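The structure presented is a predicted model; accordingly, all values stated were derived computationally and were not measured. All chains are named by letter (A, B, ...) in the order of the sequence lines, taking the proteins before the strands, and each is independently numbered beginning at 1.
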Amino acid sequence: MKLKPLGDKVVLKQMVEEETTKSGIILAGAAKEKPQQAEVIAVGPGGMVDGKDVKMEVKVGDQVIYSKYAGTEVKLDGEEYIVVKQNDIVAIVEE
Amino acid sequence: MKLKPLGDKVVLKQMVEEETTKSGIILAGAAKEKPQQAEVIAVGPGGMVDGKDVKMEVKVGDQVIYSKYAGTEVKLDGEEYIVVKQNDIVAIVEE
Amino acid sequence: MKLKPLGDKVVLKQMVEEETTKSGIILAGAAKEKPQQAEVIAVGPGGMVDGKDVKMEVKVGDQVIYSKYAGTEVKLDGEEYIVVKQNDIVAIVEE
Amino acid sequence: MKLKPLGDKVVLKQMVEEETTKSGIILAGAAKEKPQQAEVIAVGPGGMVDGKDVKMEVKVGDQVIYSKYAGTEVKLDGEEYIVVKQNDIVAIVEE
Amino acid sequence: MKLKPLGDKVVLKQMVEEETTKSGIILAGAAKEKPQQAEVIAVGPGGMVDGKDVKMEVKVGDQVIYSKYAGTEVKLDGEEYIVVKQNDIVAIVEE
Amino acid sequence: MKLKPLGDKVVLKQMVEEETTKSGIILAGAAKEKPQQAEVIAVGPGGMVDGKDVKMEVKVGDQVIYSKYAGTEVKLDGEEYIVVKQNDIVAIVEE
Amino acid sequence: MKLKPLGDKVVLKQMVEEETTKSGIILAGAAKEKPQQAEVIAVGPGGMVDGKDVKMEVKVGDQVIYSKYAGTEVKLDGEEYIVVKQNDIVAIVEE
């Protein structure tokens, strides 16, 4: 199963990576400070949304920062996603 | 009786399916975690809604995710439905 | 006396019908669960409303579902009506 | 003195009529249930209001129903009026 | 010093007139019931305000009724004024 | 250092002047009643702001009255300023 | 890693500079009063944002004043940033 967002919606997934501290202890995701950073999983087609023409600027795989409290939390096949409007994404994280 | 939604409205029905756990116990719908997933039962014609031209993107039978707290709950012939604006549907679930 | 709604307003009347249960007891309207279902009594002319062109989609006699908390309750000649904007009607009930 | 409403404003006056019950008792206005019914006393010119072109649909002498809590209460020469925007008038009462 | 309002703003001054009761007692302004009636002291030029073209309909010297709670209270040279947007003036009082 | 406001923003400074009472006591600014009067220190370029074309009507040196609670307070080089949108300025004080 | 803001978003960083008082004591950033002043770290491309054409007026390196409570706080590589919409920047600080 996968999510196909409508309009200007974007499906995000918060990344949870293991991390080894200097002393060798592995920290699970919950123990780390995770701000509003997530990976783009699926991108809506854009176009006319609420009477405004929206062009999608993010693409699948982008690491993005999104606004706190924005979006709809979704659980699908045991996985948790968050669906936000592109306008709630404030920046792409580039390496 | 059936519901014919106006404008950009969409009639949804939350699916309640039996599910057999690995140990063979059948879980009723209420015992499962049901996020905002529902099936599209009827779709409005779209067109000019509140001064904006809305094109309908969902169709009858689609499995969709909709925003928490959105919509009007309706009971008809003992069946419960929820009527939302298409803009409150965030994604279609594809298999 | 009758109500002639302005603009995109629609006059509704909640239907209260007697109903005979299987055991023969007649239930008055108040004892039944009445969701936001009502009959259309009068329909405004539509046209430019609040700067937007509204085309009326419902007609007198339609059974409709309207949004909870919407509308203005009116008592006229001992009869109770509710006046809503067409946009607060979410669906027509068809048989 | 009289009130000349601006833009889409309408001056209303709640009617208080004596009424004789079947037993011959005269009920003063306060004893009767008076919903948001009032008579139109003066009508603004309409035209561009808040960037929208408003055409006035009510005329002096119309009996109208207006939205609860809408409008500005005005006392002039000991008389009480309520000034509402035409959009807060939901229906004209016709006989 | 005088106030020159910007855009669709209007400077008002609440009138406080002495009044002799039938028994000959002079009531100061504070003892009388003063609704939102005031005299227009200065009128802005109108024109494009917040993206909308506003034409000024009131003129200096008009007695007007304005919405309760609207406006900014101003004290200048010991005199109190209230500055409102023209849209907060609901009617002109004519004699 | 100086502030260069963006768009329709205007930098204001509340005037604090010494004042000698009839008895010769000098009142500091804080002891006087200072309504929303201030001097214009810098004016933004205007132009398209939030999708609307804004023409600046105030100029540096103007004494203006602005809406209570409007604006962003700024401290720069020990001086306090308030930055407001031109629309929050209700009137210019002329002498 | 760096942040690439979308649309009319701007990435800011609050400056924390050491400061030597007259008595020679070095004040850390936290001990100083820091209003909403920050340096522009990255600027979005502007263009159509929420149906409005936005032209970016700030550039990387600008010292700016932004509205209290505006923006999304972001932590990246141990550094803290704030991402605001350009409209929440009220003025550029020039030297």
Note to self: Can you list the residues of residues 42-51 of chain G that sit under 4.5 Å from chain F, counting heavy atoms only?
What the structure shows: none

Using atom types as modelled, flag every donor-acceptor pair under 3.5 Å from a side chain in residues 77-90 of chain F to any protein atom, sequence neighbours excluded.
from: Glu79(F); atom 1: OE1; to: Lys13(F); atom 2: NZ; distance (Å): 3.2
from: Gln86(F); atom 1: OE1; to: Glu57(F); atom 2: N; distance (Å): 2.6
from: Gln86(F); atom 1: OE1; to: Val58(F); atom 2: N; distance (Å): 3.4
from: Gln86(F); atom 1: NE2; to: Lys55(F); atom 2: O; distance (Å): 3.0

Next item on the list: Before giving the answer on side-chain contact (heavy atoms from CB on, under 4.5 Å), spell out for Ile92(G) and Leu3(F) the whole-Å C-alpha distance, their side-chain angles and the decisive distance to 0.1 Å.
Entry: CA-CA 6 Å; Ile92(G) 299 173; Leu3(F) 290 166; over 6 Å; no

Notebook entry, point to check: What distance do Ser67(G) atom OG and Lys9(F) atom NZ have between them, rounded to the nearest 0.5 Å?
Noted result: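 Those atoms lie 7.0 Å apart.
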
Margin query: Is Val54(G) close to chain F through its backbone or its side chain, or both, or neither, when contacts mean heavy atoms under 4.5 Å?
Written below: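 Contact with chain F: none, neither part.
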
Check: Going through the distances and angles, do Lys2(F) and Val93(G) end up as a side-chain contact (heavy atoms from CB on, under 4.5 Å)?
Finding: CA-CA 6 Å; Lys2(F) 64 176 202 181; Val93(G) 182; over 6 Å; no

Item checked: Counterpart residues, side chain to side chain donor-acceptor pair (under 3.5 Å), relative to Glu94(G) (two or more places apart) ->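 Residues passing side chain to side chain donor-acceptor pair (under 3.5 Å) with Glu94(G): none at all.
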
